[in-house]
Every structure is written in structure tokens, then in C-alpha cells.
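Atom set for the values below is all heavy atoms of this structure, side chains included, hydrogens, waters and symmetry mates excluded.
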Amino acid sequence: MDQDNNSEDESVGPSEDPSEEELPCLPPGLSDGEAVELLWQLRSQRRQSSPELPETVTCLTAPDGSVLYLVGTAHFSDSSKKDVATTIRAVQPDVVVVELCQYRVSMLNMDESTLLREAKDVNLDKVQQAIKQNGLMSGLMQILLLKVSAHITEQLGMAPGGEFREAFKEAGRVPFCKFHLGDRPIPVTFKRAIAALSLWQKARLAWGLCFLSDPISKEDVEKCKQKDLLEQTMSEMIGEFPALHQTIVAERDIYLTHTLRQATRCVEAPPNAQKVPAVVVGVVGMGHVPGIERNWEKQLNINEIMSVAPPSRFGWVLRTVIKGVMMGMLGYACYRAGGTIGRALLSIPSVQSLLETLRPPRA
């Protein structure tokens, strides 16, 4: 996904930095080549050679001399948004890569109030969509995680993903900056995570997510930007659900490293298309930073972490039983309601959608 350079302005905080300015109006009469060269020179002037960056930024170098500035963030944090904006304005990158996949890209174009409303609203349509997209068990687990996100949203009054939206806007202010989605598709992650857990582990995890009610403050969120606290939390999670940590964190560390390395390659500079080292900004959760650092110079094979095992026999039996129960309940309701009311009930869009999800797949 490439970002176009006309995103809506929203100030992160007061600043006199000229790099906050929108793209300048070019003088009339310039040829395409002259305009490209002028914008390239403008970006070079804005780019700081030795920038003072937030302590959440890690610098990694590729073999060709390209540089990655990796911003570790907390997903419900105003200061993380400022860290992202400060970094992009200072280094004027060629590419910005964020920890999102194509299934979550819609959050980049939503305003804060819409996202707050969507994050708090876990309804039947979302349940059906999650099950249709990810399968029964993975879909239900996604709904439970959405419930956790809704709990945090309600506690903090803040929509998730603010740092990604900030990166999207700031990238639009940098000439020639491309915007890439760097995360593994979420259906793959959920399906691999569920397949890796035993039935008992699935039950324990679902129970814990269903009854999550601990209060969360903005100070708690900011602590998530401290690497030592993150490592301690990850260690606790490894002890309880090692398979879950492997699929949700460690495997995505590998995938994110792969996409970041793909982005951190030489670019062509005008006017003669000479290859020069690239400058890249990566925006990821702080919990992924240590894994990306460990994997940065390793040989990686992402094919191994993209495969999804076929459903287990138990999963097939469980889905069949649930489908049978729901069809029976719907049929009984129609019988009790009578023919006319039953037909009216079947004409309701939500009921038709439910029947569509229960229909067996075509061979």
C-alpha cells in the first residue's frame, strides 16, 4: 500500500519545526523531472543527519547501508503518537512500515470518534463476520480479544492504533515517502494460535478473557513502553501459554523483520536514478522490538509461519453440533410462530446472514 501525499492535518503538539509543514506549492512551468528533483532536494534539506530521537527508537542498519529507525510503541498511548511524529519529521524517510495487515487497514481512515464507537460495539454482525473470516474457534477467539480491546477503550476513553494513524498522516507530508503494511494477515495468526493450543488451554484463555475487568490507567499503558516491563510480562505469558506466545508474538517478530528488511533497501535518487541507501521508519508494539533486533541479521523463512493446518476432527464435530443446535432452535422458533410469522422471521437480513454462515461449504 502506497500512501498519497494529501492526508488531513492534525497537530500532535505545538512545534516550530519546519518539517511539520505540508508539501510546498511548486513554481509553475517546471517539467516533471525538475519537480521531482526539487522535491528530492527539499526532503534532503529537511532530513537531519544526527537526529535526537525518543528513547523508544532503535536504530538498525542493513548491509547496503540503509537505516531502519524502529519506533516501539504502546497501542493506547498519546506519547507514542508523539514519538512517531517526531521520528518521521526528523529523518524524512523513504518508507514507513506499520504493524498492520490488510484486514486492519480501515482504522487508518477512520476518525477518533468513529473508532471509539466501533471499538466499544461488539455486536452480532461482528461475531458473524469474525466466524466467516476466521472459522468458528478462531473467530470466537477474535471476538474475545475485541472484548479486551473494548474494555481498554472504555477504561481509557481512547481508540487503539493512534500511532499508526499518526504515521499515516506524517508519511503523507514527506515527499516520495511510501507507506507499507508490515504485519502477517490476522486470520493466519488466529488460526495458527488456536491450532497450537490444547482444549484445556483454549478454555482457560477464553475464561480469562471473558472475565477481564481489572482497571487500566494511562500510567499502566505508558509502562508498556519500558522494555524491562515488557520482557517480564512476556516471560509470565510464556510460562502460562507458551504456544500462544510463539504464534502471536515470536512468529510475528519474524514476519515483521522480513517486511522491514524488504523495505530497508537502496532507493533510486533523481536525476540519474543512482542507488542510495534508504531511510525507513518502522512502527511496532514495544513487545516486538527485542524479537526484531534478534532476527535482524538471521536467515528467515516466512513460508513456515504462513501455513495453516486443516481443522481438527474435534473442531469439525464441534462446528457440526453447534450448527445443528442453532438450526434446530431456528426451526422450532418458526414452528411455534406459525407459517406467516415464520416466513417473516426468515426474511430478516440478520437471520438470512446467520443461515448463510451455517450453510455447509460447497465441494
Side-chain angles (χ1 to χ4, degrees), residues 51 53-75 77 80 83-84 87-88 91 93-101 104 145 161 163-164 167 180-186 188-193 195-197 221-266 277-308:
L53 300 176
E55 60 181 13
T56 55
V57 178
T58 301
C59 184
L60 299 171
T61 305
D64 64 7
S66 297
V67 178
L68 168 66
Y69 295 96
L70 189 63
V71 188
T73 67
H75 294 316
S77 168
S80 284
D83 290 350
V84 169
T87 304
I88 292 176
V91 306
D94 299 288
V95 185
V96 171
V97 183
V98 296
E99 183 199 330
L100 287 177
C101 68
R104 294 177 289 157
L145 291 174
E163 73 274 31
F164 303 137
H180 291 178
L181 306 175
D183 203 0
R184 181 172 67 178
I186 198 168
V188 176
T189 297
F190 276 122
K191 289 175 182 177
R192 286 182 62 85
L197 293 175
V221 173
E222 292 305 319
K223 288 179 182 176
C224 289
K225 292 168 64 179
Q226 302 172 12
K227 292 186 181 180
D228 54 350
L229 180 65
L230 254 297
E231 289 171 0
Q232 178 184 344
T233 304
M234 292 300 177
S235 298
E236 293 172 358
M237 194 167 81
I238 289 172
E240 193 166 1
F241 298 106
L244 196 63
H245 175 271
Q246 176 65 25
T247 52
I248 291 182
V249 180
E251 289 183 0
R252 287 172 62 222
D253 289 346
I254 294 172
Y255 192 92
L256 286 164
T257 305
H258 171 76
T259 54
L260 287 165
R261 289 202 316 212
Q262 290 289 105
T264 313
R265 293 179 172 180
C266 284
V279 174
V280 178
V281 170
V283 183
V284 301
M286 182 59 77
H288 290 293
V289 173
I292 292 172
E293 288 185 90
R294 285 193 299 269
N295 290 316
W296 186 247
E297 297 182 355
K298 292 181 180 178
Q299 292 285 350
L300 303 176
N301 181 6
I302 66 164
N303 293 329
E304 296 177 356
I305 60 170
M306 291 300 291
S307 61
V308 177

Contact summary for [X] and [Y], nearest pair of heavy atoms:
X: Arg294; Y: Lys298; value: O-CE, 3.3 Å
X: Thr257; Y: Gly291; value: OG1-O, 4.3 Å
X: Thr259; Y: Gly182; value: OG1-O, 2.9 Å

Between the main-chain N or O of [Y] and the side-chain N or O of [X], is there a donor-acceptor pair closer than 3.5 Å?
X: Trp296; Y: Arg261; value: no
X: Asp94; Y: Val279; value: yes
X: Asp64; Y: Cys266; value: yes
X: Ser66; Y: Pro277; value: no

- Please walk me through it: do Val284 and Ile292 pass side-chain contact (heavy atoms from CB on, under 4.5 Å)? CA-CA 10 Å; Val284 301; Ile292 292 172; 4.1 Å; yes
- Task: Would you mind telling me which of His258, Glu99, Glu251 makes a side chain to side chain donor-acceptor pair (under 3.5 Å) with Arg184?
- Result: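 For Arg184, the side chain to side chain donor-acceptor pair (under 3.5 Å) test succeeds with only one of His258, Glu99, Glu251, which is Glu251.
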Flag the pair [X] / [Y] as yes when at least one side-chain heavy-atom distance between them is below 4.5 Å, and no otherwise.
X: Val281; Y: Val71; value: yes
X: Leu260; Y: Leu70; value: yes
X: Tyr255; Y: Cys101; value: no
X: His180; Y: Val96; value: no
X: Val280; Y: Val67; value: no
X: Leu300; Y: Asn295; value: yes

- Item | Flag for Arg192-Thr247: side-chain donor and acceptor within less than 3.5 Å | no
- Query: Does a donor on one side chain sit under 3.5 Å from an acceptor on the other, for Ser80 and Glu163?
  - Reply: no
Measuring from [X]:[atom1] to [Y]:[atom2], what's the distance to the nearest 0.5 Å?
X: His288; Y: Ile248; atom1: NE2; atom2: CD1; result: 9.5 Å
X: Glu293; Y: Asp253; atom1: CD; atom2: CG; result: 10.5 Å
X: Leu68; Y: Thr264; atom1: CG; atom2: OG1; result: 4.5 Å
X: Ile254; Y: Ile305; atom1: CD1; atom2: CD1; result: 5.0 Å
X: Glu55; Y: Asp83; atom1: CD; atom2: CG; result: 8.5 Å
X: Thr58; Y: Leu53; atom1: OG1; atom2: CG; result: 10.5 Å

- Message: A quick test of your reading: do over 12 heavy atoms of other residues, nucleotides or ligands sit less than 6.0 Å from CD of Glu297?
- Response: no
- Item | Ion pair Arg252/Asp183, N-O distance below 4.0 Å | yes
